[in-house]
Every structure is written in C-alpha cells, then in structure tokens.
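Numbering of residues begins at 1 and proceeds along the displayed sequence.
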Amino acid sequence: MTRKRYPYCAKCGGEINPNKYDDCDHYYLTDEGPLCRECYLDDAEEYLRLNTEEFAALTGVPVVYLEV
C-alpha cells in the first residue's frame, strides 16, 4: 500500500486532503505556496477591497465617476 502525501496550506497550515474534507478536491497555487479554499477566498476578498476599480476593469464592469 502506498501512502499519499497531500499539500499543506501555506497560510493556515491545514492539510489539503480530499479524503478528509469535502472542499479539498483542489487547491490554489500562489507565490506564497498552496492555499486552501478558505485562505484563497480571504486573499481574494482583501484584493477586491483594496483594488475595486482594477477588479471592475478585469471583469468588464464600467466605473462611473460622479462630480460633487
């Protein structure tokens, strides 16, 4: 019997093992290393919060500026 080694999340240290957890059938590979779904979503939310206009441009949503 061969033992498989699963990656660990670079942010939280959790094992990314689809046999143990339902949402671990894939992971996200970033500059930090592999990230689990939850940690990736945290990073994506932070990016969205800090770069709203850039995110809108990437998704094709026009940004309208109002004059005060």
*Asks:* Identify, with sequence neighbours excluded, every residue that meets side chain to side chain contact (heavy atoms under 4.5 Å, CB included) alongside Tyr8.
*Replies:*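 Counting only residues at least two positions away or on another chain, Tyr8 forms a side chain to side chain contact (heavy atoms under 4.5 Å, CB included) with Glu15.
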*Asks:* If you take all heavy atoms of Ala10 and Glu32, which pair is closest and at what distance?
*Replies:*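 Heavy atoms of Ala10 and Glu32 come nearest at CB-O, 3.5 Å.
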*Asks:* Please enumerate all residues that pass salt bridge (charged side-chain N to carboxylate O under 4.0 Å, His left out) together with Asp42, with sequence neighbours excluded.
*Replies:*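 Once residues adjacent in sequence are excluded, Asp42 has no partner under the salt bridge (charged side-chain N to carboxylate O under 4.0 Å, His left out) criterion.
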*Asks:* Once rounded to the nearest 0.5 Å, what's the spacing between atom CD of Glu38 and atom NZ of Lys11?
*Replies:*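 Interatomic distance, Glu38 CD to Lys11 NZ, rounded to 0.5 Å: 11.5 Å.
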*Asks:* Not counting sequence neighbours, which residues clear ring pair (Phe, Tyr, Trp, His ring centres under 6.0 Å) with Tyr40? List them please.
*Replies:*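 Applying ring pair (Phe, Tyr, Trp, His ring centres under 6.0 Å) to Tyr40 gives Tyr28.
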*Asks:* Does any part of the side chain of Cys36, heavy atoms only, come nearer than 4.5 Å to the side chain of Cys12, both counted from C-beta?
*Replies:*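 Yes, at least one pair of side-chain atoms sits under 4.5 Å.
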*Asks:* To which residues is Val68 joined in a hydrophobic cluster, defined by side-chain heavy-atom contacts under 4.5 Å among Ile, Leu, Val, Met, Phe, Trp and Tyr, whether direct or through other members?
*Replies:*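 Result for Val68 is none, singleton.
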*Asks:* If you count every heavy atom of other residues, nucleotides or ligands that lies below 6.0 Å from Tyr6 atom OH, does the total exceed 12?
*Replies:*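 Enclosed: over 12 neighbouring heavy atoms sit under 6.0 Å from OH of Tyr6.
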*Asks:* What residues, two or more places apart in sequence or in another chain, satisfy side chain to side chain contact (heavy atoms under 4.5 Å, CB included) together with Ala56?
*Replies:*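 Ala56 satisfies side chain to side chain contact (heavy atoms under 4.5 Å, CB included) with Val61, Val63 only.
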*Asks:* Side-chain contact, heavy-atom cut-off 4.5 Å: Phe55 with Arg49?
*Replies:*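 No, their side chains stay 4.5 Å or more apart.
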*Asks:* Using every non-hydrogen atom in the two residues, find where Ile16 and Pro34 come nearest and quote the distance to one decimal.
*Replies:*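 Smallest heavy-atom distance, with atoms named: CD1-CB, 4.4 Å.
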*Asks:* Can you measure from CG (Leu48) to CG (Asp43) and round to the nearest 0.5 angstrom?
*Replies:*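 Nearest 0.5 Å value for the CG-CG distance: 12.5 Å.
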*Asks:* Which side-chain hydrogen bond (donor to acceptor under 3.5 Å, both in side chains) pairs, counting each pair once, include a residue from residues 54-63, with sequence neighbours left out?
*Replies:*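 Sorted pair list: Tyr47-Glu54.
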